[in-house]
Amino acid sequence: MLLPNKLPHVGTTIFTVMSKLAADVGALNLAQGFPSFGADPVLLDLVNQAMRANHNQYAPMAGVPMLRDAIAQKTIDCYGVNYDPDTEITVTSGATEALFAAITAVVQTPTSGSAPDEVIVFEPAYDSYVPAVELAGGRPVYISLAPPHYAIDWAEVAAKITDRTRLIVINTPHNPTGRVWTIDDVNELARLADRHNLFVVADEVYEHITFDGRVHHSLMHHPVLRERTFMVGSFGKTFHITGWKIGYCLAPKALTEAFRKIHQFLTFSVSTPMQYALAEYLKDPEPYRSLSAFYERKRDVFLEAIAGSRLVFTPSEGTFFQNVSYAAITPERDAALAVRLTHEIGVASIPVSVFYHQKTDHQILRFCFAKDDDILREAGARLTKWSHDLPS
Ligand code: PMP
Ligand code: GLN
């Protein structure tokens, strides 16, 4: 039997590889992005209550109405924009499913002889975007961003738009760089999307995690972008429940209709008791309003712990990731170094080159600081010692 090779360039994701290695060797896992600490017991009790209240059968395909109402209210409170819970909000199996459904809804499989739809992707790019584009029959067009600022050259973006371009995928606050888009970035995107009639998938899963007084500029807030954007969020990041895999997609009615056609066959609906619990929990805005301060302090604990090292960094602007350059210490490739550090000093990280299609190596490692303070301090101490043990 001949099995088609659907994603020839793809292996097992780096998150699985590094988390397994960290577990195998007993390393501190600052690689995969998930909290080492627990979720709010109030939220856990709400799940229990929902289960005991018999909310245990299939949820409606689009999501439990109470949760969609709560997401609509949060969106008004945070961004001052209205989304209709019935026709414009869908609860998904994590952001991953929402990203896949949105991309699949827009990108068309080329008919024989026609060129594929093109999708602009900024790299370093979160690893699920391009496989979704390719499985839908599209062609990724890359804009490569470089450290330390990862600034977007909008003239380059304009130059890469062709009559085949259908979609731009963006991510702010950005994994893996920790960069947060400026309002100028949003306005530039709006100008191009409007002029070339493009759809946008906005991965805003870190919407509630920005630092040093920065504001998250949601694309939903821009009137031109609101009409052509699938905004993707995730409760995993916001409430320390990455394992629940519950996210959402906000998009205008016509886009949501197309989105739900895919969603209903990808997964149909999402865990019912979790949705009831989240709907209730969202009534209190404090947990997500205090999240930036919570993670800013954790970022600072980690930065303080590596301040005396020879690692070079620009403080993360948002997300729960900090990138560091080790170029002054060793010429090794980042992928090799990430594995070596896991074995030798028991600290796991993610090599940023994996997020570039040509594995561009800027000698940068990504560390997740969604960890207990003692883990951050111990990891920082080990990295600092390692950086000085090497000959300069
Ligand atoms: N987008 C980005 C940028 C992410 O970092 C992640 C996961 N951490 C996801 C999407 C996927 O989110 P989820 O776990 O809700 O599927
Ligand atoms: N988004 C998480 C990260 O960047 C991992 C998600 C996953 O393991 N698929 O580390």
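For reference, positions follow the sequence shown, starting with 1.
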Quick one: do [X] and [Y] make a salt bridge, cutoff under 4.0 Å?
{"X": "R289", "Y": "D77", "answer": "no"}
{"X": "E378", "Y": "R382", "answer": "yes"}
{"X": "K160", "Y": "D153", "answer": "no"}
{"X": "R139", "Y": "D117", "answer": "no"}
{"X": "R191", "Y": "E188", "answer": "yes"}

Describe, in one word, how the ring planes of Y248 and F235 are oriented to each other, choosing from parallel (under 30°), tilted (30 to 60°) and perpendicular (over 60°). tilted
How are the rings of Y79 and H216 set relative to one another: parallel (under 30°), tilted (30 to 60°) or perpendicular (over 60°)?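 Perpendicular.
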Regarding R226 and the six-membered ring of Y83, is the cationic atom NZ or CZ under 6.0 Å from the ring centre and inside 45° of its axis? yes
Which heavy atom of [X] sits nearest a heavy atom of [Y], and at what distance?
{"X": "A72", "Y": "P85", "answer": "CB-CG, 3.9 Å"}
{"X": "V130", "Y": "Y142", "answer": "CG1-OH, 3.5 Å"}
{"X": "E88", "Y": "N82", "answer": "OE1-O, 4.1 Å"}

Contacts table for residues 30-38: side-chain donor-acceptor under 3.5 angstrom, sequence neighbours left out:
residue : atom : partner : partner atom : Å
Q32     : OE1  : S19     : OG           : 2.6
S36     : OG   : D372    : N            : 2.8
S36     : OG   : D372    : OD2          : 3.0

Would you check if the distance from the ring center of F355 to the ring center of H174 is below 6.0 Å?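 No, the ring of F355 stays outside the 6.0 Å limit from the ring of H174, centre to centre.
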Among V201, V186, L219, which residue satisfies the side-chain contact (heavy atoms from CB on, under 4.5 Å) criterion with I170? L219
Compute whether any side-chain donor of one residue and acceptor of the other, for W154 and D185, lie under 3.5 angstrom apart. yes
